[in-house]
Amino acid sequence: MTIEDDARVRAKGLFGLAPEGFIEARDALARQLAEDREPVLAAAIKKLRKPTVVAWAVNAASRKRPADVAALLRAGDDLRQAQVAAISGKGAGDLRNATQARRAKVAALAEVALGALGARAGAHRDAIVLTLEAASVDPELGGRLREGTLEREATPDSGLGPAGGFQLLQGGDRAGEDDATEEDRKREAKEAERTAVVAEREAERAARRAEQLRAKARDASASAAAAEAEARRLADEAKTLRRRAART
């Protein structure tokens with residue numbers, strides 16, 4: 001374990017604080033460690049950055065649902081292995097199943113993270129989903145997710161590890177292939193993962209848009225029904241008034 005890793009472990013409780021209280025608590029811990037004659041650790045803790053809003057929300061979800069985090073990381077392992085099999089021309093069905101399984105685990109944790117943000121949630125949904133996806137296939141990010149010590153959200157070109165987030169497995173008849181072929185496989189894996197991530201996000205956006213349209217349609221239908229009822233009431237009232245007028 002590096003001194004940076006040790007610092008995150010010792011400061012784990014700080015990541016559970018509201019972001020606005022992080023700096024003050026971090027500096028207090030660093031001062032205490034310096035007084036306890038642990039200057040190296042104190043300096044490392046002093047360098048820890050306040051979590052971004054997205055990182056804080058994902059950390060909150062991790063602390064609340066550790067079992068779901070473990071399930072997500074297992075789903076990421078399954079997805080990596082399915083990707084390797086698909087690159088070799090086998091297991092396309094397994095890749096689809098693994099992708100769907102990971103998507104479900106990401107969605108479950110994302111909802112918890114969004115719940116932690118409350119009214120601010122909508123603006124951060126995509127970043128939360130992307131961060132969870134990246135952590136599921138990157139060992140370092142996955143470890144931080146498990147600890148609940150993420151400092152920032154993932155970006156499309158960072159935190160994804162080899163081959164766009166997939167650790168290519170070695171062994172079998174691939175051990176004798178040349179470097180150029182290996183590079184081709186890595187390139188294909190990276191492109192496949194990027195395409196999958198984009199497709200997943202587009203599907204999620206389309207699903208949200210469809211739900212919005214359904215909600216608008218329901219509102220419009222209710223408004224139309226109310227308007228029809230009002231029209232009938234006015235028509236009946238007009239008939240009644242005409243009958244009264246005819247009798248006078």
Side-chain angles (χ1 to χ4, degrees), residues 1-74 76-77 80 105-106 108-167 197:
M1 178 181 291
T2 67
I3 188 65
E4 290 79 12
D5 294 334
D6 192 18
R8 280 196 305 275
V9 171
R10 292 287 292 272
K12 184 176 179 179
L14 303 183
F15 290 88
L17 302 174
E20 55 269 21
F22 182 88
I23 299 298
E24 182 179 355
R26 179 202 66 187
D27 292 349
L29 177 59
R31 284 194 300 271
Q32 183 61 52
L33 289 169
E35 291 172 2
D36 293 342
R37 298 184 180 181
E38 295 188 75
V40 176
L41 184 57
I45 284 179
K46 185 74 172 178
K47 293 178 182 178
L48 293 175
R49 293 187 292 178
K50 180 178 73 174
T52 63
V53 171
V54 168
W56 179 84
V58 172
N59 288 337
S62 173
R63 287 188 295 275
K64 190 171 184 179
R65 299 284 183 84
D68 286 353
V69 170
L72 172 62
L73 298 182
R74 287 194 299 271
D77 288 338
R80 282 196 298 269
K105 301 298 187 298
V106 166
L109 273 172
E111 287 306 312
V112 179
L114 290 166
L117 290 178
R120 299 176 294 170
H124 301 291
R125 178 181 290 273
D126 288 347
I128 286 172
V129 168
L130 181 59
T131 298
L132 291 169
E133 288 174 348
S136 74
V137 292
D138 181 274
E140 181 180 357
L141 282 179
R144 293 190 183 189
L145 173 63
R146 186 184 288 109
E147 296 169 355
T149 60
L150 289 167
E151 294 179 337
R152 62 189 184 278
E153 59 268 32
T155 57
D157 295 320
S158 70
L160 294 177
F166 293 96
Q167 298 276 352
V197 168

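For reference, positions follow the sequence shown, starting with 1.
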Any sub-3.5 Å donor-acceptor pair from T131's side-chain atoms to A127's backbone N or O? yes

If you round to the nearest 0.5 Å, how far is CD1 of I3 from CZ of R8? 11.0 Å

Exercise: identify the closest heavy-atom pair between L48 and A7: CD1-O, 4.1 Å

Looking at every heavy atom in both R152 and T52, which two are closest together, and how far apart are they? CA-OG1, 3.7 Å

Taking atom CG of L141 and atom CD of E153, what is their separation to the nearest 0.5 Å? 11.5 Å

Does this structure show an ion pair linking E133 with K105, if we count only N-O contacts that are shorter than 4.0 Å? no

If every non-hydrogen atom of L130 is compared with every non-hydrogen atom of A154, which pair is closest and at what distance? CD2-O, 3.8 Å

Atom pair CD1/CG of I23 and L14 - distance to nearest 0.5 Å: 9.5 Å

I128 and side chain to side chain contact (heavy atoms under 4.5 Å, CB included): which single residue from L114, V112, V53 fits? L114

Would you say V9 and T149 make side-chain contact, with heavy atoms under 4.5 Å? no

Looking at A34 and A42, what are the two nearest heavy atoms and their distance? N-CB, 3.8 Å

Can you tell me how far apart NZ (K50) and CD (E20) are? Round to the nearest 0.5 Å. 7.5 Å

Starting at CG of L33, measure out to CZ of R31 and round the result to the nearest 0.5 Å. 11.0 Å

Main-chain N/O of F15 paired with R63 side-chain donor or acceptor, under 3.5 Å: yes

State whether a side-chain donor-acceptor pair under 3.5 Å links T2 with D5. yes

Identify the heavy atoms of L72 and L132 that sit nearest to each other, and give their distance. CD2-O, 3.8 Å

Non-hydrogen side-chain atoms of L109 and R65 separated by less than 4.5 Å: yes

Verdict with supporting geometry, K46 and D27, side chain to side chain contact (heavy atoms under 4.5 Å, CB included): CA-CA 6 Å; K46 185 74 172 178; D27 292 349; 3.0 Å; yes

State the CD-NZ distance between E147 and K12, to the nearest 0.5 angstrom. 6.5 Å

Of all heavy-atom pairs linking L73 and R146, the shortest is CD1-NH2, 3.0 Å

Would you check if E111 and R125 make a side-chain contact, meaning some heavy-atom pair closer than 4.5 Å? yes

